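Numbered from 1 within each chain, the chains take letters A, B, ... in sequence-line order. Since this is a predicted model, take the numbers as computed values, not measurements.
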There are 2 protein chains.
Amino acid sequence: MPNFSGVIAPVLTPFGEDGSADPDRFIEHCQWLLDEGCTALAPFGTTSEGNSLGLDERMELLEEIVDADIAPELLMPGTGTPSLADTIVLTKHAVEIGCGGVLVLPPYYYKAPSEEGLYRYFSEMIEGVDEDDLKVYLYHIPPIAQVGFSLSLIERLRKAFPDVVVGLKDSSGDWSNTAAILDKFPGFEVFPGSEAFLLDGLRKGGAGCISATCNVNPGPIRKVFDNWQTDEADKLQEGISAVRKTVQAYPLITGLKSIVAHFRDDPEWAKVRPPFTELPDGDAEKLISQLKALDFTMDVD
Amino acid sequence: MPNFSGVIAPVLTPFGEDGSADPDRFIEHCQWLLDEGCTALAPFGTTSEGNSLGLDERMELLEEIVDADIAPELLMPGTGTPSLADTIVLTKHAVEIGCGGVLVLPPYYYKAPSEEGLYRYFSEMIEGVDEDDLKVYLYHIPPIAQVGFSLSLIERLRKAFPDVVVGLKDSSGDWSNTAAILDKFPGFEVFPGSEAFLLDGLRKGGAGCISATCNVNPGPIRKVFDNWQTDEADKLQEGISAVRKTVQAYPLITGLKSIVAHFRDDPEWAKVRPPFTELPDGDAEKLISQLKALDFTMDVD
């Protein structure tokens, strides 16, 4: 049985008036996502502005959602930083409070590291965390991190740590890369980073998806996951792909927050942390009206 | 009078057998650099593997060197991280222990941020630190950070925070960019990121250099700074440029550590933290023999 599967949201992080993370809106959003069909949550991913949060902020927010009775085994927080030391701190904390897994970026400051260097980084990270329950998901997102995971690096890490390195999120946006990983590593829990590849992935043994848009469209995405072997599957996939395509024509994080702000009738939700900025005037309204033309809604009542 | 000027080393960080930062070797190296001609020190820069160090490691090392009687006003530690929150923590700590300035990367995880987003990041950072003595040096290193400072962003920040945003390190490697900044902002403390541009920079009003190679060649680099208005200047510059050219034909950080390890007869010094790896077999010996052919030495006795 896989450790994680299905529809996983990299949870948006709401900010309060003073710019600090807002635990109440955060918990409410986490609960809504699980109620609406997400099978698990990946806080502090790229979409979460996770890399704009401080170490203490991440650990405190994680404790807050666990205290709010969200089952920690459903959580796969992002714990990767450029620093081995900080990544160990965040990862150990996540395992200690019971998280089912962690999603770990490669060290992304220094560019073009060798495969051996990345192998050592992950080996030392896993040994430094030193927890039997550690389950690592490699976070491959070369368009942003610039540094990524080659097939041969994945192979080495799986071979050295078969019970720890159990999956990967592929946000390369390159289906041929996802397909190559699925072909080469049966049983590895591979999540495309966009629901646009959900059905294609499932048909090749993929585990589901971890996708930004799950923050606003969890129900229909879950429907694809639940019905992927039925005759309806392609039509359902077309529906979620249309929403994805509309949303990603705008700056993704800011756009998603504007959608939540609109449907929750809560302008505070649109706040982003620098270096992000709000959408240009009129763009939020345009995005919402394009989504409504697709019969999109968020059932937040 | 400028806040900083002259020859500044982004101090290499030695690691002990267990992979943790080694304060004794670190302090010894800091003292040697100041004795040999560095006018100031920039710990936790790119060359320092600063981005591979944890927040706690950086703060503890900084306290160790201040406790070892290195004057904090000579320190310009790197305090930039991808996160506004963590950058505020490190920056506030540096100011509180008396550091003369801080060298701050832009938030470098999310790519292609808007100028407005970066402006807000630095504004909120400066307001969040909230210390009268804060002196910020912008760290422009687009080959690695990918995110950098445009002339118009520098102009906005200087205008909004004239007593705080007082200088910049330009590691673009692009002399025309350094020249444009020097032309546009007289009085701004501009440090090229390589001593290859030291003399050219000084002739246009530059403040000195903050350069990796200052870790091994501080004396001759200082001599260029002290004699830049004399007839000897071009010849002295040729000498330090030849050393730089030789060193930078190898992976820079690993190469520099190998040089220190050789001249200190201390193999531990060659250790790097993942994702870096040691030089390939034979490369250290080749580098040393090329340097000796230039009459290079490190006077560590």
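Among A/V147, A/L118, A/L105, the residue with the largest count of heavy-atom pairs under 4.5 Å with chain B is A/L105. Looking only at heavy-atom pairs under 4.5 Å with chain B, the residue among A/S20, A/S114, A/P275 that has the most is A/P275. Contact count against chain B (heavy-atom pairs under 4.5 Å) is highest for A/S83 among A/A85, A/S83, A/S123.
For B/P82 against A/Y108, the heavy-atom pair with the smallest separation is CG-OH, 3.2 Å. Residues A/P274 and B/G117 come closest through the heavy atom pair CB-O, 3.7 Å. Contact detail for A/L55 and B/D86: the closest heavy-atom pair is N-OD1, 3.1 Å.
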For this session: Check step by step if side-chain contact (heavy atoms from CB on, under 4.5 Å) holds for A/K111 and B/Q146.
Result: CA-CA 10 Å; A/K111 301 307 185 287; B/Q146 308 283 319; 3.8 Å; yes
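B/I88 does not touch chain A: none of its heavy atoms, backbone or side chain, sits under 4.5 Å away. Of the atoms belonging to A/R120, heavy atoms from both backbone and side chain fall under 4.5 Å from chain B. Both the backbone and the side chain of B/I144 come within contact range of chain A, each with at least one heavy atom under 4.5 Å from a heavy atom of that chain.
Counting only distance, with no hydrogens or angles, the side chain of B/Y110 and the backbone of A/T46 share a donor-acceptor pair below 3.5 Å.
Taking CD of A/E57 as the reference point, atom CG of B/L84 lies at 8.5 Å (rounded to 0.5 Å). Between the OH atom in A/Y109 and the CD1 atom in B/I141 there is a gap of 4.0 Å [rounded to 0.5 Å].
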